[in-house]
A.B. asks: 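Dumping the structure here so I can ask a few things about it.
Heavy atoms only: backbone and side chains are in, while hydrogens, waters and symmetry mates are out.
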Amino acid sequence: MLARPVDPARYGGVVRPDKTVRWAADELEQVRRLRGRSPDTWPTPTALPDSLDRLAKWLTELGWDDLTCLARREELAVYGRLSAVRPGLFADRIVHALAALRRSLMECKRHEEALEVVDELLLLSETNRSAQAEAPDARY
């Protein structure tokens with residue numbers, strides 16, 4: 001998945017790109033270890049979505065927004081499953097992931113998908129303060 005060249009024009013990191021690729025690969029390996037395991041066996045209650053969030057941040061630095069979108073979508077799916085068990089507990093984290101996904105979709109010029117994410121953010125903004133803070137950027 002991470003065997004692709006780093007475009008220097010897109011790279012946004014502060015260290016050498018090869019280090020960022022290595023960190024992303026390490027995080028991807030952590031995600032692979034946690035996938036399919038019960039949340040009860042994770043080291044923390046949010047270990048998998050936290051790893052997906054870190055992976056998405058490394059991928060964003062590398063300018064690989066298409067892969068970032070995949071990581072963000074999986075992060076949201078995991079939070080969806082966790083929220084089914086504990087409603088409302090992860091609302092702020094879901095807002096964070098939605099806002100980040102919207103930005104990545106815009107970078108990929110996938111505007112229709114970004115609009116769906118905006119609709120979800122605006123719906124959440126009716127009851128969630130974090131979403132209310134994101135609503136002006138989402139509307140724009």
A.B. asks: Who are the side-chain hydrogen bond (donor to acceptor under 3.5 Å, both in side chains) partners of Glu116, not counting sequence neighbours?
C.D. replies: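 Checked Glu116 against side-chain hydrogen bond (donor to acceptor under 3.5 Å, both in side chains); zero matches.
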A.B. asks: Establish whether Leu123 and Leu76 are linked, either directly or via other cluster members, by ILVMFWY side-chain heavy-atom contacts under 4.5 Å.
C.D. replies: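 Each belongs to a different hydrophobic cluster.
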A.B. asks: For Arg35, enumerate each residue passing the salt bridge (charged side-chain N to carboxylate O under 4.0 Å, His left out) test, keeping only those at least two apart in sequence or located in another chain.
C.D. replies: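 Arg35 satisfies salt bridge (charged side-chain N to carboxylate O under 4.0 Å, His left out) with Glu74 only.
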A.B. asks: For residues 41-62, which residue pairs qualify under ring pair (Phe, Tyr, Trp, His ring centres under 6.0 Å), counting only residues two or more places apart or in two chains?
C.D. replies: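 Those involving residues 41-62 are Trp23-Trp58.
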A.B. asks: Residues in side chain to side chain contact (heavy atoms under 4.5 Å, CB included) with Val6, at least two apart?
C.D. replies: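 Result, side chain to side chain contact (heavy atoms under 4.5 Å, CB included) vs Val6: Tyr11, Pro17, Val21, Leu62, Trp64.
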A.B. asks: Check side-chain hydrogen bond (donor to acceptor under 3.5 Å, both in side chains) between Asp65 and all other residues, then give those that pass, not counting sequence neighbours.
C.D. replies: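 Partners of Asp65 by the side-chain hydrogen bond (donor to acceptor under 3.5 Å, both in side chains) criterion, ordered by chain and then number, come out as Arg10.
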A.B. asks: Under 4.5 Å between side-chain heavy atoms, hopping through other hydrophobics if needed: is there a path connecting Leu28 to Val15?
C.D. replies: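 The answer is yes; both residues are in one hydrophobic cluster.
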A.B. asks: For Asp26, check salt bridge (charged side-chain N to carboxylate O under 4.0 Å, His left out) against everything at least two apart and list the hits.
C.D. replies: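 Applying salt bridge (charged side-chain N to carboxylate O under 4.0 Å, His left out) to Asp26 gives Arg22.
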A.B. asks: Are Asp50 and Arg93 packed together at the side-chain level, in the sense that at least one heavy-atom pair is separated by less than 4.5 angstrom?
C.D. replies: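 Yes - at least one pair of side-chain heavy atoms lies under 4.5 Å apart.
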A.B. asks: Using side-chain hydrogen bond (donor to acceptor under 3.5 Å, both in side chains) as the criterion, list what pairs up with Asp66, not counting sequence neighbours.
C.D. replies: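 Arg4.
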A.B. asks: Could you pull out the closest heavy-atom pair between Pro45 and Leu82, with the gap in Å?
C.D. replies: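 Heavy atoms only, the tightest pair is O-CD1, 4.0 Å.
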A.B. asks: Mind checking whether Leu115 and Met106 sit in one hydrophobic cluster, side chains of I, L, V, M, F, W, Y counted as touching below 4.5 Å?
C.D. replies: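 Leu115 and Met106: separate clusters.
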A.B. asks: Drop me the distance from Leu122's CG to Leu98's CG, to the nearest 0.5 angstrom.
C.D. replies: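 The CG atom of Leu122 sits 10.5 Å away from the CG atom of Leu98.
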A.B. asks: Quick one: ring pair (Phe, Tyr, Trp, His ring centres under 6.0 Å) pairs with a partner in residues 73-102, sequence neighbours left out?
C.D. replies: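 Qualifying pairs, neighbours excluded: Tyr79-Phe90.
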A.B. asks: If we count only N and O atoms by modelled type, under 3.5 Å, do the side chains of Ser104 and Arg72 hold a donor and an acceptor together?
C.D. replies: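 Their side chains do not contain a donor-acceptor pair, so the 3.5 Å distance test is not met.
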A.B. asks: Who passes side-chain hydrogen bond (donor to acceptor under 3.5 Å, both in side chains) against Thr60, sequence neighbours left out?
C.D. replies: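 Expected list: Thr68.
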A.B. asks: Gln30: which residues meet the side chain to side chain contact (heavy atoms under 4.5 Å, CB included) condition with it, sequence neighbours left out?
C.D. replies: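 Partners of Gln30 under the side chain to side chain contact (heavy atoms under 4.5 Å, CB included) test: Glu27, Arg33, Leu34, Ser51.
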A.B. asks: Please list, chain by chain and in numerical order, all residues satisfying salt bridge (charged side-chain N to carboxylate O under 4.0 Å, His left out) with Asp18, sequence neighbours excluded.
C.D. replies: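 Result, salt bridge (charged side-chain N to carboxylate O under 4.0 Å, His left out) vs Asp18: Arg16.
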A.B. asks: Under the rule for side chain to side chain contact (heavy atoms under 4.5 Å, CB included), what residues qualify as partners of Arg73, not counting sequence neighbours?
C.D. replies: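 Once residues adjacent in sequence are excluded, the partners of Arg73 under the side chain to side chain contact (heavy atoms under 4.5 Å, CB included) criterion are Leu101, Leu105, Glu113.
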A.B. asks: Please give me the minimum heavy-atom distance between Ala24 and Leu55, naming the atom from each residue.
C.D. replies: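 Minimum heavy-atom separation between Ala24 and Leu55: O-CD1, 3.4 Å.
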